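Below is one structure, written out as structure tokens; the observations come after it.
Within every chain, numbering begins at 1; the chains are lettered A, B, ... in the order of the sequence lines, protein sequences first and strands thereafter. Here the structure is a predicted model, which means the values were calculated and not measured.
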Amino acid sequence: MPELPEVEVTRQGIAEPLAGARVLAIRMGKPLRWPLGIDLHALAGAVVGAAARRGKYIWLPISRPPAEAGGLLLHLGMSGSLAWMAGVAPPAGAHDHFDLVTDRGTLRLNDPRRFGAVLWSPALDQDPAATLLARLGAEPFDTDLTAERFHAALRRRRAPIKGVLLAGDVVVGAGNIYACEALFAAGIHPLLRADHVSRPRAARLLEAVRNTLARALALGGSTLRDFSDAHGMAGTYQQQAQVYGRAGEPCRRCPATVRRRVLAQRATYFCPGCQKR
DNA sequence: CGGGACGCCTGTGAGC
DNA sequence: TGCTCACAGGCGTCCC
């Protein structure tokens with residue numbers, strides 16, 4: 001579910017209430033993708049730092065002198081969301097699988113499908129975090145990611161451009177919704193081979209990825225079914241989607257009809273009129 | 001090595 | 001009404 005905008009909106013919602021909060025307890029529900037990797041009681045008394053984000057991962061640094069510091073790496077998977085609850089939290093529901101109880105309130109992960117993860121790592125550049133983050137491409141808003149570098153990276157890939165965006169090893173953040181939307185904005189057919197994207201089109205695509213993610217972020221992300229930010233607010237980007245989820249409906253820019261086809265196991269939406277190979 | 005399929009898990013909506 | 005099936009925002013792992 002959550003792509004970069006949803007994750008970033010979530011991070012923004014938890015950063016302030018959590019910074020400086022003291023951990024009282026951790027509660028786990030059903031198993032998530034991986035084991036937590038630290039004893040449940042080991043963090044009692046520890047202090048949470050400033051929440052950060054890398055790709056679709058959230059990093060919560062935690063200091064716990066005299067024991068060594070570390071942090072929790074969180075991922076929302078397909079159906080996860082975090083909620084910040086000031087004061088005493090209500091009882092956990094069937095899909096509440098992680099609570100970080102602090103002296104200020106509780107951070108709760110709700111994740112029906114349990115593809116999400118919460119795991120302890122001594123640092124971002126140490127395992128297990130390091131291995132998970134090693135495969136990630138550039139942050140989309142990193143100014144080091146120039147059009148030239150983006151184009152050079154695409155030229156090394158023969159897979160369809162949509163698949164390369166989704167893989168996240170060139171640029172992170174665009175999942176299935178925003179990859180479709182960015183390709184539409186750039187006028188590029190999702191099946192076009194990445195190494196066939198011209199230099200000017202690569203520049204357009206990079207801009208489209210950035211604009212699409214920034215716009216979604218400003219709108220609080222997309223809420224297709226049940227995503228909400230840390231304060232329970234739904235996103236509204238989905239109402240502005242140009243192609244995602246609009247198969248059979250008219251294109252908003254040309255007379256053609258939006259189409260859906262499956263590419264690398266994922267539904268892919270595009271306008272055959274606006275998006276060219 | 002790059003690329004694609006698989007599997008993880010549960011809920012929902014469509015169709016019968 | 002109730003069942004079955006396809007599908008859903010991600011991604012690590014395995015196999016070619």
Side-chain angles (χ1 to χ4, degrees), chain A residues 1-10 29-35 37 53-58 73-82 93-98 109-119 127-137 153-183 190-196 209 212-213 216-217 219-229 234-241 243-248 260-269:
Chain A
M1 144 209 266
E3 305 182 34
L4 186 145
E6 291 76 26
V7 175
E8 176 60 17
V9 148
T10 298
K30 289 185 182 177
L32 293 165
R33 182 158 197 169
W34 298 293
R53 181 191 56 74
R54 174 73 175 102
K56 298 170 191 172
Y57 288 91
I58 289 175
L73 193 66
L74 287 78
H75 197 290
L76 302 180
M78 285 278 271
S79 57
S81 61
L82 288 169
H95 301 307
D96 296 327
H97 302 304
F98 173 81
L109 174 70
N110 180 279
D111 186 3
R113 291 176 73 179
R114 291 191 281 133
F115 291 169
V118 180
L119 52 97
D127 280 336
T131 296
L132 290 173
L133 302 183
R135 69 188 75 249
L136 299 186
L154 294 187
R155 279 193 308 182
R156 289 182 225 112
R157 305 290 291 275
R158 318 173 82 174
I161 183 63
K162 160 88 180 323
V164 172
L165 287 180
L166 267 191
D169 47 6
V170 171
V171 59
V172 294
N176 209 31
I177 297 178
Y178 303 123
C180 289
E181 294 295 307
L183 285 167
L191 287 177
L192 176 65
R193 276 170 54 155
D195 59 349
H196 290 179
V209 167
T212 301
L213 295 178
L217 180 57
L219 292 172
S222 295
T223 297
L224 296 191
R225 166 163 286 129
D226 52 10
F227 173 77
S228 60
D229 70 16
T236 61
Y237 179 91
Q238 72 283 358
Q239 297 164 13
Q240 327 237 330
V243 288
Y244 186 86
R246 299 192 64 242
R260 173 192 189 275
R261 55 179 297 171
V262 176
L263 194 166
Q265 326 300 112
R266 309 299 298 277
T268 299
Y269 300 88

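With values rounded to the nearest 0.5 angstrom, A:Trp34 atom CH2 is found 8.5 Å from A:Leu73 atom CG. Within the model, atoms CG of A:Asn110 and CG of A:Asp96 stand 4.5 Å from one another, a figure rounded to the nearest 0.5 Å. Of the inter-residue distances, the one linking A:Ile177 atom CD1 with A:Arg266 atom CZ reads 10.0 Å to the nearest 0.5 angstrom.
Residue A:Arg266 has a polar side-chain atom (N or O) positioned under 4.0 Å from OP1 or OP2 of C:dG9. OP1 or OP2 of B:dG3 sits under 4.0 Å from a side-chain N or O of A:Arg157. Between A:Lys30 and B:dT10 there is a side-chain polar atom (N or O) within less than 4.0 angstrom of OP1 or OP2.
When each of A:Leu4, A:Leu74, A:Thr10 is tested with A:Arg53 by the rule side chain to side chain contact (heavy atoms under 4.5 Å, CB included), just one qualifies, namely A:Leu4. Results of the salt bridge (Lys or Arg N to Asp or Glu O under 4.0 Å) test with A:Asp169 over A:Arg157, A:Arg156, A:Arg135 single out A:Arg157 as the only residue that passes.
Nucleic acid contact class of A:Tyr57 (heavy atoms, under 4.0 Å, all strands): sugar-phosphate only. Using a 4.0 Å heavy-atom cutoff across all strands shown, A:Pro31 reaches no nucleic acid atom at all. If you check every strand for non-hydrogen atoms under 4.0 Å, A:Arg260 touches sugar and phosphate atoms only. At the heavy-atom level, A:Ala167 lies nowhere under 4.0 Å from the strands shown.
Going from atom CD of A:Gln265 over to atom P of B:dG4 covers 9 Å, rounded to whole Å. Note: CZ (A:Arg33) to C1' (B:dT10) measures 15 Å, nearest angstrom. Atom CD1 in A:Ile161 sits roughly 11 Å away from atom P in B:dG3 (whole-Å rounding). Put simply, CD on A:Glu3 is 9 Å from P on C:dC11, counting in whole angstrom units. Summarising the geometry, the separation between NE2 on A:His75 and C1' on C:dG12 is reported as 11 Å, rounded to the nearest angstrom. Look at OH on A:Tyr244: it is 6 Å from C1' on C:dG9, rounded to the nearest Å. In this structure, A:Asn110 atom CG and B:dG11 atom P are separated by 11 Å, rounded to whole Å. The CZ-P distance, from A:Arg135 to C:dT13, rounds to 6 Å in whole Å.
Once the 5.5 Å centre distance and the 30° plane angle are applied, the aromatic ring of A:Phe115 is found stacked with the base of C:dG10.
Along DNA chain B, the nucleotide closest to A:His95 and the one closest to A:Gly163 are compared, and the more 5′ of them pairs with A:Gly163. Nearer to the 5' terminus of DNA chain C, by closest-nucleotide assignment, is the contact made by A:Arg113 (compared with the other of A:Arg113 and A:Leu132).
Across the P atoms, B:dG11 and C:dG12 are found 24 Å apart, a figure rounded to whole Å. Using atom P as the reference point in both C:dC7 and B:dA5, the two lie 15 Å apart (nearest Å). Nucleotides B:dC6 and C:dA6 are separated by 14 Å at their P atoms, to the nearest Å.
For the residue pair A:Tyr237 / A:Glu6, no side-chain donor-acceptor distance below 3.5 Å is found, with atom types taken as modelled.
Nucleotide B:dC9 is matched to nothing when pairs are restricted to Watson-Crick or G-U wobble geometry with both distances under 3.5 angstrom.
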